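What follows is a set of notes on a single structure, which appears directly below.
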Amino acid sequence: MEFPKFLLADNTDFPEAIFIVHTDYPRFIINLQDDEIEWLEEFDAHDQKELESEVENLIEEASQFYDREVARYQE
């Protein structure tokens, strides 16, 4: 099964949270309410350095995805 790069997730136990799931490597879930990230991958020291430079871009992409989805719902 193929998944889109981002998925919008919701949970009534966290009514204020805005969860975005990134399904490509590196997989993670971000809460856009506070930009907290839960990584779904294990990383070594080398990977960690690469991620540090990529994290800002991934957060920006997740935010853009959310904005696009909300705009589509409002149409």
Side-chain angles (χ1 to χ4, degrees):
M1 176 185 294
E2 189 174 329
F3 292 107
K5 184 175 181 177
F6 291 104
L7 298 170
L8 185 58
D10 190 20
N11 188 302
T12 57
D13 290 334
F14 301 92
E16 301 299 318
I18 302 167
F19 295 112
I20 304 295
V21 181
H22 183 254
T23 62
D24 289 345
Y25 183 84
R27 296 174 306 139
F28 64 87
I29 300 171
I30 183 171
N31 182 350
L32 293 181
Q33 179 188 22
D34 57 12
D35 290 341
E36 184 177 344
I37 296 177
E38 181 69 30
W39 296 101
L40 305 174
E41 310 281 357
E42 296 291 324
F43 302 110
D44 61 21
H46 178 265
D47 292 335
Q48 193 72 27
K49 287 195 178 248
E50 275 188 45
L51 281 177
E52 289 173 7
S53 65
E54 199 174 328
V55 168
E56 282 186 51
N57 292 334
L58 293 171
I59 291 172
E60 182 62 31
E61 285 182 41
S63 295
Q64 289 172 0
F65 164 77
Y66 175 75
D67 291 342
R68 186 192 79 190
E69 291 298 297
V70 168
R72 287 179 177 176
Y73 282 122
Q74 293 173 348
E75 290 177 355

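Nothing fancy with the numbering, it's 1 onward along the sequence. Note that the structure is predicted; figures quoted are calculated from it, not measured.
Residues Leu40 and Leu7 fall within the same hydrophobic cluster, defined by Ile, Leu, Val, Met, Phe, Trp and Tyr side chains chained together at heavy-atom separations under 4.5 Å. Tyr25 and Val21 are members of different hydrophobic clusters when ILVMFWY side chains are connected at heavy-atom separations under 4.5 Å. Under a hydrophobic-cluster definition in which Ile, Leu, Val, Met, Phe, Trp and Tyr are linked whenever side-chain heavy atoms come within less than 4.5 Å, directly or via other members, Ile29 and Val55 are assigned to different clusters.
A salt bridge links Glu69 with Arg72: the closest approach of a Lys/Arg side-chain nitrogen to an acidic carboxylate oxygen falls below 4.0 angstrom.
Summarising the geometry, atom CD1 belonging to Ile59 is positioned 11.0 Å from atom CD belonging to Glu54; distances are rounded to the nearest 0.5 Å. One distance of note links CD1 of Ile20 with NZ of Lys5; it measures 13.0 Å at 0.5 Å rounding.
Phe6 and Phe65 have parallel rings, their planes meeting at less than 30° on a 0 to 90° scale where 60° marks the start of perpendicular.
Looking at Leu58 and Pro26, their side chains come closer than 4.5 Å, going by heavy atoms from C-beta outward. Between Tyr73 and Leu8 the shortest side-chain heavy-atom distance falls below 4.5 Å.
Summarising the local packing, CZ of Phe14 is surrounded by 12 or fewer heavy atoms from other residues, nucleotides or ligands at distances under 6.0 Å. Other residues, nucleotides and ligands contribute only 12 or fewer heavy atoms inside 6.0 Å of the CD atom of Glu38.
Ala62 approaches Leu32 most closely through the heavy-atom pair O-CD1, 4.1 Å.
Glu41 contributes a side-chain N or O that, together with a main-chain N or O of Arg27, makes up a donor-acceptor pair within less than 3.5 Å. Remark: the backbone N or O of Ile18 is paired with a side-chain donor or acceptor of Asn31 at under 3.5 angstrom.
Between His22 and the options Phe3, Trp39, Phe28, a ring-ring contact (aromatic ring centres under 6.0 Å, His included) holds for only Phe28.
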